[in-house]
There are 2 protein chains.
Amino acid sequence: MAKGPTVYHVAERAGVSIATVSFTFRQPDKVKASTRELVLAAAEELGYVPSASARGLARGRTGALGLFAYDYLLDPADGIRGDGQDPHEPAAADLERRNEDLRLFPLYVDEVQRGVELECWRRGQALLVGGGNPENNEAVLSDIAGRVDGLAVFPRSVPSEALARIARRIPVVEISESVHNRELDHVTVDNVSGVRAITEHLIAAHGLSELMFLGGMPSSDNDERLAGFLGALSDAGLPNTREPKYPCGSEQSVTEVVRAICEQGSLPDAFVCATDQDALVVMDALAAAGVNVPRDVAVTGFDGIAAGRVIRPSLTTVRQPMEQMGRTMVDLLLDRLDHPDKPPAAIRLPVRVILRESCGCQPG
Amino acid sequence: MAKGPTVYHVAERAGVSIATVSFTFRQPDKVKASTRELVLAAAEELGYVPSASARGLARGRTGALGLFAYDYLLDPADGIRGDGQDPHEPAAADLERRNEDLRLFPLYVDEVQRGVELECWRRGQALLVGGGNPENNEAVLSDIAGRVDGLAVFPRSVPSEALARIARRIPVVEISESVHNRELDHVTVDNVSGVRAITEHLIAAHGLSELMFLGGMPSSDNDERLAGFLGALSDAGLPNTREPKYPCGSEQSVTEVVRAICEQGSLPDAFVCATDQDALVVMDALAAAGVNVPRDVAVTGFDGIAAGRVIRPSLTTVRQPMEQMGRTMVDLLLDRLDHPDKPPAAIRLPVRVILRESCGCQPG
DNA sequence: TCGAAGTATCTAAGCGCTTTGATTTATCGC
DNA sequence: GCGATAAATCAAAGCGCTTAGATACTTCGA
């Protein structure tokens with residue numbers, strides 16, 4: 001790999017100055033058509049590819065955005081090491097198992113990432129995706145931050161001090177509201193209305209009255225979902241007889257809660273879950289206890305992940321517009337670059353209730 | 001956004017030279033521990049984030065790899081424009097429809113991309129993902145090429161002249177074998193054995209004898225799959241009574257072929273399809289004609305996309321190790337960077353036959 | 001106490017591009 | 001055909017970092 005040709009080579013070949021070469025690529029109309037042809041031809045012959053590093057340095061902008069994602073399934077030991085050396089090579093069999101089981105469907109993070117990608121492509125922005133295990137997120141994050149003009153992150157995927165530091169330098173947008181960092185741009189959804197609507201549906205359409213909210217890690221998103229639930233109850237004049245089990249993070253404990261309830265034989269009319277993942281776990285636990293959904297108890301989720309469409313009974317849920325959320329993050333970032341001093345934006349996108357089988361409906 | 005602090009600021013604050021600052025980050029052991037602390041503290045206070053552009057320029061390496069993917073569903077009008085302006089904003093409703101229908105499951109390209117991402121993260125490599133519509137792939141591709149040390153591409157997602165040009169400058173690895181570019185590194189799978197094995201299964205385990213190969217765009221992958229099919233037939237001493245319908249690209253024409261066969265009432269014993277996508281189309285067409293799979297006819301695919309696991313009847317297929325393929329691309333790229341002069345590698349990964357319902361098996 | 005041999009740090013020269021302001025060349029009215 | 005104005009091109013100064021090679025500082029044996 002001999003070092004590639006530079007503006008200097010192209011300029012010499014075309015018999016012009018390097019400035020003209022640069023103009024030919026960046027501001028073509030400043031260059032006479034005939035000269036442009038000349039330069040383009042020279043570039044073509046030489047196989048010239050402009051260096052983004054040099055451009056970025058000169059311009060003070062890289063022209064790329066970053067996304068810091070994460071992977072539920074990334075084995076911590078399978079992580080990135082500072083020295084760039086091989087930690088352990090994941091065994092092929094592990095990969096297959098992982099993909100065939102858990103990654104059968106795109107998850108929330110995948111769908112959002114797609115939105116970010118598509119929007120970046122549409123707007124002609126390069127996109128750097130990073131991610132990784134919690135161990136050394138900070139180093140990775142910092143590396144990415146040095147390469148981009150703006151960064152989109154999932155909350156809690158990175159320590160907030162690190163984030164704050166980066167936000168001093170480039171715009172950062174968070175998806176889903178983290179409790180801290182009120183001064184960053186945010187993309188969220190209307191959690192309150194979503195859960196309120198699905199809860200009202202259970203009450204009004206199915207005549208259920210003893211509802212229980214369950215699941216969710218502590219976050220303002222989930223706080224809002226609970227609030228929507230409680231609001232719907234009180235609007236309907238129903239007492240809140242079932243103590244909400246929130247936060248109720250790990251898969252383990254959701255399973256245990258449900259199992260305990262089953263053993264006591266004290267099923268509510270419905271489990272209103274904070275997330276689809278929780279709902280799936282709940283349905284598994286119910287199935288294990290021989291409880292039929294939706295006949296014996298209704299279950300609803302929140303997110304609208306693909307898996308919920310396919311399982312039986314299919315999952316009634318509140319769908320977040322994930323791709324749109326990703327796209328909106330990109331919008332915010334680019335907008336922020338043009339208007340650094342605008343007050344932080346918190347875009348709240350609408351959600352949509354999707355009625356399927358798990359609440360007792362019979363979708364077409 | 002005031003311009004961020006640079007090595008100069010950090011150096012001044014710490015009372016050292018910029019070289020020492022640089023060493024502190026890049027070769028920490030060349031710096032006395034006490035000095036290092038000093039520099040780190042200064043960097044922390046200032047919120048210093050090293051510029052990758054400057055580093056890349058100075059080192060002649062960006063430290064990033066690129067992936068050029070594509071999206072089946074990317075509306076051409078929804079594409080990237082050279083001027084970076086807004087073409088048309090995709091309507092939210094369109095997004096939802098798209099995601100809920102066609103993108104319900106991760107596709108081949110998605111799974112490979114995941115592999116690339118995970119391996120990059122694991123190895124501490126930044127990853128740039130680009131993609132887009134065929135319209136101006138070339139400009140986008142060139143932009144990406146200028147940003148990375150190596151590029152992974154899907155075949156036919158880019159014009160091969162453009163690719164050749166880029167390959168003059170940085171290593172390029174193709175996944176799945178394109179007909180041209182024998183001089184690039186490649187990752188493929190063992191197409192021949194895969195189809196041979198699945199065909200043998202139909203013959204030996206289910207006693208089928210009249211088999212028809214169907215589907216696939218022209219490519220060396222699919223050539224090999226056909227060869228595997230024919231090989232199995234001849235090994236079994238079966239005549240090739242059914243003219244293979246390959247290439248048979250568009251969804252439309254696969255549907256038509258199947259419909260015509262159904263109308264003639266001349267079903268073969270099995271359709272051996274070049275890809276899962278084809279197999280799904282075939283099964284749709286058969287269902288439309290009132291033909292039962294696998295009772296009236298068996299169907300097999302190739303790829304192992306997630307959708308095949310979930311549909312009924314579930315799809316017997318040959319699974320490619322897609323994540324592993326993505327990871328291998330990264331391996332090849334990094335290896336090539338260290339050994340520019342090694343002869344082109346063509347890694348061929350093994351595949352696995354997955355027996356499900358569509359061939360007549362009863363998976364546990 | 002002195003010089004040799006390490007260590008630690010620094011000086012300075014790029015890396016390949018963009019872009020301002022200067023300079024040259026083309027265009028036009030009269 | 002001439003100056004005035006506009007258009008095209010150019011020279012040169014960075015952008016922020018890395019890294020030889022030079023220099024300063026330690027350490028240590030004799």
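To find a chain, count down the sequence lines: A is the first, B the second, and so on, and within it residues start at 1.
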**Message:** Quick check on DNA chain D: between B:Ser53 and B:Phe23, whose nearest nucleotide comes earlier from the 5' end?
**Reply:**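 Looking at the nearest nucleotide for each, B:Ser53 comes out on the 5' side.
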**Request:** Could you pick out which residue, A:Asp29 or B:Pro50, lies toward the 5' side of DNA chain D when each is mapped onto its nearest nucleotide?
**Result:**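 Looking at DNA chain D, the more 5' nearest nucleotide goes with A:Asp29.
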When all nucleic acid strands are considered with a 4.0 Å heavy-atom cut-off, which category describes [X]: base, sugar-phosphate, or nothing?
X       : answer
B:Tyr48 : sugar-phosphate
A:Val21 : nothing
A:Thr6  : sugar-phosphate

Please give, in whole Å, the distance from [N] [atom2] to [X] [atom1]?
X       : N      : atom1 : atom2 : answer
A:Leu57 : D:dG16 : CG    : C1'   : 5 Å
A:Tyr8  : C:dC17 : OH    : C1'   : 7 Å
A:Arg61 : C:dC17 : CZ    : C1'   : 17 Å
B:Arg59 : D:dG16 : CZ    : P     : 18 Å
B:Gln27 : D:dT18 : CD    : C1'   : 9 Å
B:Lys30 : C:dG6  : NZ    : P     : 16 Å

Less than 4.0 angstrom between a side-chain N/O of [X] and OP1 or OP2 of [N], yes or no?
X       : N      : value
B:Thr20 : C:dC10 : yes
B:Ser17 : C:dT9  : no
B:Thr35 : C:dT9  : yes
A:Ser51 : C:dG16 : no

**Candidate pair A:Val173 and A:His186, rule side chain to side chain contact (heavy atoms under 4.5 Å, CB included), full reasoning** = CA-CA 6 Å; A:Val173 51; A:His186 279 278; 5.8 Å; no
**Item:** Axial bend angle, the helix from C:dT1-D:dA30 to C:dC30-D:dG1: five-pair end segments, nearest 10°
**Value:**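 So the angle between the two local helix axes works out to 30°.
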**Request:** For A:Arg55 and for B:Ala58, find the nucleotide of DNA chain C with the closest heavy atom, then tell me which residue's nucleotide is more 5'.
**Result:**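 Counting from the 5' end, the first nearest nucleotide belongs to B:Ala58.
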**Request:** State yes or no: are the ring centers of B:Tyr48 and B:Tyr8 separated by less than 6.0 Å?
**Result:**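 No: the rings miss the under 6.0 Å criterion.
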**Message:** Just by distance, no angles: are the side chains of B:Glu119 and B:Gln324 close enough, under 3.5 Å, to form a donor-acceptor pair?
**Reply:**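 B:Gln324 and B:Glu119 do not have a side-chain donor-acceptor pair below 3.5 Å.
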